[in-house]
Amino acid sequence: RITAANALSDIYAMGARPITALQMAGWPRDRLPFELLGKVMEGGASVLARAGCALAGGHSIDDTEPKYGMAVTGIAHPEQIVVNNGGRPGDSLVLTKPIGTGLIATGIKRGVVDGEVRDAAVEVMAHLNDGAARAMAAVGVNAATDVTGFGLLGHLGEMLSGGLGAVLDPAAVPLLPNARDLASAGVVPGGTRRNLEHARDYTDFSGIDDVDALLLADAQTSGGLLLAVPALQTESLIAALRAEGTPAAAVIGSLTKEH
């Protein structure tokens with residue numbers, strides 16, 4: 001389910017509609033039963049069905065560890081495609097899912113996360129970004145991207161071009177339960193630490209403590225959409241996101257002229 005939702009997010013972030021998907025699986029046939037692979041594929045297919053996306057086929061191989069992924073094709077009118085670098089100074093930055101999945105996944109691996117926290121993270125990761133895409137299409141945004149492996153700061157950095165900068169309010173960024181505690185305890189994935197080191201090249205962390213910095217750089221799986229919306233349309237976008245039931249609808253900062 002998470003894999004399918006993650007694969008579809010690139011389509012939604014561009015304002016497009018998913019049409020077809022190909023799935024790929026690597027499976028250790030001598031160590032894990034095919035019945036389990038069947039459940040994996042059922043989970044992916046259930047999310048594709050919710051998205052109205054047809055499963056057109058795929059490929060599988062015998063592998064030493066389980067792998068599962070999708071390649072998705074979508075369509076959009078050329079004049080309605082949303083890019084990640086179309087933001088303008090003064091735009092509000094809006095996030096549609098809480099962050100912290102990298103920290104929680106590491107906590108699961110280390111056995112320090114309870115079932116309630118795990119399940120909450122899984123449901124957020126498996127949540128489709130289709131509602132967020134509908135909201136941004138209805139209101140109109142200048143730029144959008146999905147927040148995944150490079151973390152919030154990394155993907156925000158990709159939005160900053162042509163003389164743009166950004167100011168974030170860490171206190172406004174929505175977090176998954178237990179994420180801050182895990183960061184404070186040093187239960188941090190290597191990818192998050194690498195993201196943070198990279199982000200130091202273009203981020204001023206003055207007044208930000210180490211825990212907040214780690215949270216902002218946390219490597220996400222199937223995160224939400226990060227949207228740059230004209231300031232006058234911010235309230236309309238928040239209302240539209242809430243009507244769509246997105247996991248979050250938070251104004252976390254704004255775009256500025258580069259400084």
Side-chain angles (χ1 to χ4, degrees), residues 1-76 96-109 113 115-137 144-151 155 176 189 191 218-226 244-248:
R1 291 166 55 214
I2 294 168
T3 294
N6 187 59
L8 289 160
S9 284
D10 285 320
I11 303 296
Y12 292 133
M14 294 186 69
R17 179 167 61 92
I19 300 297
T20 61
L22 298 174
Q23 64 182 3
M24 295 142 283
W27 202 254
R29 59 186 301 161
D30 295 330
R31 294 192 294 112
L32 291 175
F34 279 123
E35 290 80 7
L36 184 57
L37 176 58
K39 291 184 179 297
V40 170
M41 291 184 172
E42 286 175 8
S46 70
V47 172
L48 290 180
R50 291 209 313 272
C53 182
L55 181 60
H59 185 64
S60 62
I61 62 169
D62 187 17
D63 203 347
T64 55
E65 64 179 18
K67 300 181 178 73
Y68 184 64
M70 288 184 177
V72 182
T73 299
I75 60 173
T96 69
K97 284 187 182 183
I99 62 174
T101 60
L103 294 157
I104 291 171
T106 298
I108 293 170
K109 293 174 185 177
V113 168
E116 186 175 346
V117 170
R118 176 201 62 208
D119 292 348
V122 167
E123 287 309 306
V124 166
M125 287 187 282
H127 189 99
L128 280 172
N129 281 322
D130 58 341
R134 286 191 294 269
M136 77 176 190
T145 190
D146 58 325
V147 179
T148 51
F150 295 133
H155 290 284
L176 284 164
D218 188 39
Q220 301 301 285
T221 297
S222 191
L225 299 188
L226 178 61
E244 290 286 353
T246 57

Worksheet item: What pairs with F150 under side chain to side chain contact (heavy atoms under 4.5 Å, CB included), at least two apart in sequence or on another chain?
Response: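 So F150 forms a side chain to side chain contact (heavy atoms under 4.5 Å, CB included) with H155, E158, N195.
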Worksheet item: Excluding sequence neighbours, so at least two apart, what forms side chain to side chain contact (heavy atoms under 4.5 Å, CB included) with L32?
Response: W27, P28, L36, P66
Worksheet item: With sequence neighbours left out, what residues match D218 under side-chain hydrogen bond (donor to acceptor under 3.5 Å, both in side chains)?
Response: T192, Q220
Distance check, rounded to the nearest 0.5 Å: [X] atom [atom1] versus [Y] atom [atom2]?
X	Y	atom1	atom2	answer
M70	L48	CE	CG	4.0 Å
T96	D146	OG1	CG	9.5 Å
I75	M14	CD1	CE	13.0 Å
T145	L226	OG1	CG	7.0 Å

If I compare all heavy atoms of [X] with all of [Y], which pair ends up nearest, and what's the gap?
X	Y	value
A25	M41	CB-CE, 4.1 Å
L176	G100	CD1-C, 4.0 Å
P189	T106	CB-OG1, 3.2 Å
V72	A21	CG2-CB, 4.1 Å
G149	A219	O-CB, 3.3 Å
A5	L128	CA-CD2, 4.0 Å

Practice prompt. Please list all pairs passing the side chain to side chain donor-acceptor pair (under 3.5 Å) test where one or both residues lie in residues 52-64, with sequence neighbours left out.
Written response: D63-K67
Fill in: Contact list for residues 7-19, test side chain to side chain donor-acceptor pair (under 3.5 Å), sequence neighbours left out
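Pairs touching residues 7-19 that pass the test: S9-N129.
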Report all side-chain donor-acceptor pairs from residues 117-127 shorter than 3.5 Å, counting only partners two or more places apart or in another chain.
residue : atom : partner : partner atom : Å
E123    : OE1  : R1      : NH2          : 3.2
E123    : OE2  : R1      : NH2          : 3.1

Fill in: Stepwise side-chain contact (heavy atoms from CB on, under 4.5 Å) check, L55 with Q23
CA-CA 8 Å; L55 181 60; Q23 64 182 3; 3.8 Å; yes
Worksheet item: Has the side chain of K97 got a donor or acceptor atom that lies under 3.5 Å from a matching backbone atom of S222?
Response: yes
Worksheet item: Would a distance-only check, ignoring hydrogens and angles, find a side-chain to backbone donor-acceptor pair under 3.5 Å from T246 to A132?
Response: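 Answer holds: no.
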